[in-house]
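Contents: one structure, followed by commentary.
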Amino acid sequence: AVAVAKRVGLLSDGAMAVFGCCEDRRGPVVWRDIATNSRVGDKEVLSRSDVEVILTVAAFRRLKASEYLDRIMPKVRVTARMEATDKVDCVKELQHAGLVVGMCGDGWNDCGALWTAHAGMRIADAQNRLTSTFALTSGSLQGVVDVICHGRCCLASDVALTSFFFYRLTYVFYQHD
């Protein structure tokens, strides 16, 4: 997951990427610097602005039960081994942190999170289009950029039409006075 995240630009080159995992069933979340594999303390992960987080499902579940989750979620770039309910919870936590959330998925276990996200984008074949707001049938993440570009064009058109109609209504209203 980390190699793919780096290749597609989810992890920044200059940032400190840390991997959050649970090394034993009842223990705390352990943070490791991806570059050096050395342990990183909770305070450093929370305080540094250049930290980008990769979380396992066990770490996410442990953090849900702690007071740190609200502060960690804006730093999360990659999650690994998430189940369907964990994905929905992850999207909700990101939204709770005040972020606009986009979700890409390619399996049925992504459906709940795709619908929960502000923009859910399913990378799929033509027959599975109804499982999210957008369906990227090309099988490529380039489709995400296309959806954003088309969405911005639709917004610009909508603003222009609304402005025009408001102008026309104002003009007609003042014509009758």
Side-chain angles (χ1 to χ4, degrees), residues 1-2 4-22 28-35 40-107 109-123 131-136 141-160 162-163:
V2 174
V4 172
K6 285 182 178 181
R7 190 170 62 235
V8 299
L10 290 175
L11 295 172
S12 305
D13 287 333
M16 176 185 192
V18 295
F19 183 73
C21 62
C22 295
V29 174
V30 175
W31 304 102
R32 294 203 173 273
D33 184 332
I34 296 292
V40 179
D42 289 345
K43 289 181 182 176
E44 187 172 5
V45 172
L46 291 169
S47 65
R48 286 184 57 165
S49 62
D50 66 336
V51 169
E52 295 180 341
V53 173
I54 299 103
L55 278 182
T56 63
V57 66
F60 176 72
R61 289 175 180 166
R62 189 73 40 87
L63 288 169
K64 276 188 352 185
S66 77
E67 69 275 7
Y68 298 122
L69 187 62
D70 288 345
R71 294 170 49 201
I72 292 290
M73 286 311 291
K75 298 175 182 231
V76 173
R77 300 295 177 265
V78 179
T79 56
R81 307 282 186 216
M82 299 288 250
E83 293 178 11
T85 55
D86 297 310
K87 291 177 184 186
V88 171
D89 290 345
C90 185
V91 169
K92 286 180 179 178
E93 289 296 335
L94 289 166
Q95 290 171 332
H96 179 72
L99 300 171
V100 176
V101 181
M103 167 75 183
C104 292
D106 63 353
N109 65 335
D110 299 321
C111 293
L114 290 170
W115 279 106
T116 304
H118 293 103
M121 294 169 239
R122 181 164 169 77
I123 302 170
T131 58
S132 65
T133 309
F134 303 102
L136 308 175
L141 288 177
Q142 178 60 40
V144 175
V145 175
D146 296 339
V147 166
I148 292 169
C149 290
H150 288 295
R152 290 179 61 95
C153 291
C154 290
L155 177 62
S157 297
D158 186 47
V159 169
T162 303
S163 298

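As the structure is a computational prediction, the values presented were derived from the model and not from experiment. Heavy atoms only: backbone and side chains are in, while hydrogens, waters and symmetry mates are out.
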Side-chain donor-acceptor distances from residues 51-58 under 3.5 Å, at least two apart:
from	atom 1	to	atom 2	distance (Å)
Glu52	OE1	Ser12	N	2.7
Glu52	OE2	Ser12	OG	2.8
Thr56	OG1	Gly20	O	3.4
Thr56	OG1	Ala59	N	3.2

Q: Sequence neighbours left out, what passes side-chain contact (heavy atoms from CB on, under 4.5 Å) with Pro28? Give chain and number order.
A: none
Q) Which heavy-atom pair separates His96 from Asp70 by the least distance, and what is that distance? A) CD2-OD1, 3.6 Å
Q.
Taking salt bridge (charged side-chain N to carboxylate O under 4.0 Å, His left out) as the cut-off, I'd like each qualifying pair that reaches into residues 78-90, sequence neighbours left out, listed once.
A. Arg61-Glu83, Arg61-Asp86, Lys64-Asp89, Lys87-Asp110
Q. Can you name the nearest heavy-atom pair linking Val78 to Ala5, along with the distance?
A. CG2-CB, 3.4 Å
**Q.** Which atom of Leu114 lies closest to which atom of Gly105, heavy atoms considered
**A.** CD2-N, 3.8 Å
Q.
Can you confirm whether more than 12 heavy atoms, excluding those of Asp13, are under 6.0 Å from its CG atom?
A. no
(Q) Looking at every non-hydrogen atom in both residues, tell me the closest pair between Cys22 and Val29 and how far apart they are. (A) SG-CG2, 4.2 Å
Q.
Test of understanding: with side-chain hydrogen bond (donor to acceptor under 3.5 Å, both in side chains), list the residues that count as partners of Arg77, not counting sequence neighbours.
A. none
**Q.** Val101 backbone acceptor or donor facing His118 side chain under 3.5 Å
**A.** yes
Q) Would you say Glu93 and Val76 make side-chain contact, with heavy atoms under 4.5 Å? A) no
(Q) List the residues meeting side-chain hydrogen bond (donor to acceptor under 3.5 Å, both in side chains) with Asp33, not counting sequence neighbours, and say none if there are none. (A) none
Q. Which value, rounded to the nearest 0.5 Å, describes the distance between Glu67 atom CD and Ile72 atom CD1?
A. 10.5 Å
Q | Partners meeting side-chain contact (heavy atoms from CB on, under 4.5 Å) with Val159 (sequence neighbours left out) | A | Leu155, Ser163
Q) Heavy atoms, side chains only, cut-off 4.5 Å: are Phe19 and Val30 in contact? A) no
Q) Distance from Gln95 atom CD to Met73 atom CE, nearest 0.5 Å? A) 10.5 Å
**Q.** side-chain hydrogen bond (donor to acceptor under 3.5 Å, both in side chains) partners of Arg48, counting only residues at least two apart
**A.** Glu44, Asp50
Q: Would you name the heavy atoms of Cys90 and Thr79 that are closest together and state the gap between them?
A: SG-CG2, 3.9 Å
(Q) List the residues meeting side-chain contact (heavy atoms from CB on, under 4.5 Å) with Ser66, not counting sequence neighbours, and say none if there are none. (A) Leu63, Tyr68
